[in-house]
Amino acid sequence: MDEVFKALADPNRRRLLDSLNARNGQTLRELCTGLEMARQSVSKHLAVLEAANLISTRRSGREKLHYLNADPINAITERWITHYDRARVHALADLKKALEAEPMSDNTFVYTTFIKTTREKLWQALTDSAFTKRYWGSSFDTDWQPGSEMVWHQQDWSSKDPEQVVLEADPYNKLSYTWHTFDPAFAEAFDMNPDDVAAWAREPRSHVSFELEQASDSVVKLTVVHDNFPPNSAVREGISGGWPSILSNLKTLLETGEVLPDLAV
């Protein structure tokens, strides 16, 4: 947390976060545009932001893309803002709102968090319905083999579709699958506008990936990448608001054995 506050204390680094909030997934060259700083200075600021987990990076061919990561801001909210009078932390609340503002122009959602656990336990939490029900409220019928169909269950709603499949399953390293179908039963089960859900159903099916990396002896870095969205995707706007709560719940469950009281599902 000290690294987060130190990173946010510098106005140039806040400007970089503002730039990514306006347009996510930028290269170093793009981030340098409009900033009165040398490329090397921008690189140093980005390194500080990445060390504080305020940004995530991914390779796309020869380019390195930078993404805003809201996880530390959520941690500030959970550990600080909720324990003090809102008026005293008005600036932090505004910062959280600004950094999570949607929609962003880039259509890939990237979220990185660090969890005190093992890759084996994290993999189990991602694939074992006994875990997913607790922090997500969802469960899956599948053998977790690439190409295998997935049947989704959430509350009283279930979805079976030949396009709901496992894309990649490399135990303890990477898990990827297609997102669930949006149907009239989904709208009814979650009391949603049927027209909105019908519009979501017309979008291309999105994909989600979970990438696990050993950050230290006792900490695993988890990066969630949700993509394959069209421009101005309503589905992307919806999932980007849901993933932070799900992943905060997952982190708390693995580190404490309990889910967050306000996020219990």
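Worth saying up front: this structure is predicted, and the values here are computed from it rather than measured.
With sequence neighbours excluded, the residues satisfying side chain to side chain donor-acceptor pair (under 3.5 Å) with Glu163 are Arg205.
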The test is side chain to side chain contact (heavy atoms under 4.5 Å, CB included); show your working for Leu16 and Val42 and say whether it passes.
CA-CA 9 Å; Leu16 286 169; Val42 175; 4.1 Å; yes
Apply the test side chain to side chain contact (heavy atoms under 4.5 Å, CB included) to residues Thr108 and Asn24: give CA-CA distance (whole Å), side-chain angles for both, the deciding distance (0.1 Å), then the verdict.
CA-CA 8 Å; Thr108 299; Asn24 222 4; over 6 Å; no
Stepwise side chain to side chain contact (heavy atoms under 4.5 Å, CB included) check, Leu31 with Thr33:
CA-CA 5 Å; Leu31 287 167; Thr33 302; over 6 Å; no
Determine whether Glu211 and Lys221 satisfy the following criterion, salt bridge (charged side-chain N to carboxylate O under 4.0 Å, His left out), listing intermediate values before the conclusion.
CA-CA 8 Å; Glu211 301 171 4; Lys221 177 183 177 182; over 6 Å; no
List the steps and the verdict of side chain to side chain contact (heavy atoms under 4.5 Å, CB included) for His180 and Asp161.
CA-CA 8 Å; His180 64 71; Asp161 191 298; over 6 Å; no
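Between Val208 and Tyr177, the closest side-chain pair of non-hydrogen atoms falls below 4.5 Å. The closest side-chain heavy-atom distance from His207 to His226 is not below 4.5 Å. Side-chain atoms of Thr57 and Leu65, non-hydrogen and from C-beta on, never get closer than 4.5 Å to each other. With contacts defined as side-chain heavy-atom distances shorter than 4.5 Å, the pair Trp123/Leu175 qualifies. Using a 4.5 Å heavy-atom cutoff, the side chains of Trp144 and Met150 are in contact.
Within the 3.5 Å criterion, the main-chain N or O of Gln145 finds a donor-acceptor partner in the side chain of Ser148. No side-chain donor-acceptor contact under 3.5 Å links Asp170 to the backbone of Asn173. Between the side chain of Ser233 and the backbone N or O of Phe229, no donor-acceptor pair lies under 3.5 Å.
In this model, a donor atom of one side chain and an acceptor atom of the other lie less than 3.5 Å apart for Gln164 and Thr181. No hydrogens or angles considered: nothing links the side chains of Ser209 and Glu168 as a donor-acceptor pair under 3.5 Å. No donor-acceptor contact under 3.5 angstrom links the side chains of Glu63 and Thr27, judged on distance only. Side-chain contact, Trp157 with Asp183: a donor N or O sits under 3.5 Å from an acceptor N or O. His153 and Ser158 form a side-chain donor-acceptor contact under 3.5 Å, judged by distance and modelled atom types alone.
With respect to Arg236 and Glu203, no salt bridge is recorded, no charged nitrogen being found less than 4.0 Å from a carboxylate O.
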Pairs under 3.5 angstrom only: tabulate donor-acceptor contacts from the side chains of residues 187-195 to other protein residues two or more places apart or in another chain.
from, atom 1, to, atom 2, distance (Å)
Asn193, OD1, Asp195, N, 2.7
Asn193, OD1, Asp196, N, 3.4

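When the side chains of ILVMFWY residues are joined at heavy-atom separations under 4.5 Å, either directly or via intervening members, Leu126 and Phe131 end up in a single hydrophobic cluster. Under the 4.5 Å side-chain contact rule for hydrophobic residues, Leu254 and Val259 share a cluster. In the hydrophobic clustering of ILVMFWY residues, with side-chain heavy atoms under 4.5 Å counting as a link, Phe182 and Ile239 come out together. Cluster membership for Val4 and Val48, using ILVMFWY side-chain heavy atoms within less than 4.5 angstrom, is not shared.
Summarising the geometry, atom CD belonging to Gln214 is positioned 13.0 Å from atom OH belonging to Tyr172; distances are rounded to the nearest 0.5 Å.
Here Trp179 and Trp200 keep their ring centres 6.0 angstrom or further from each other.
Across Leu253, Leu250, Asn249, a single residue satisfies side-chain contact (heavy atoms from CB on, under 4.5 Å) together with Arg134, and that is Leu253. Each of Leu20, Asn69, Thr112 was evaluated against Ile55; a single residue qualifies, Leu20, per the side-chain contact (heavy atoms from CB on, under 4.5 Å) test.
Residue Asp156 qualifies as open at atom CG: its count of foreign heavy atoms under 6.0 Å is 12 or below.
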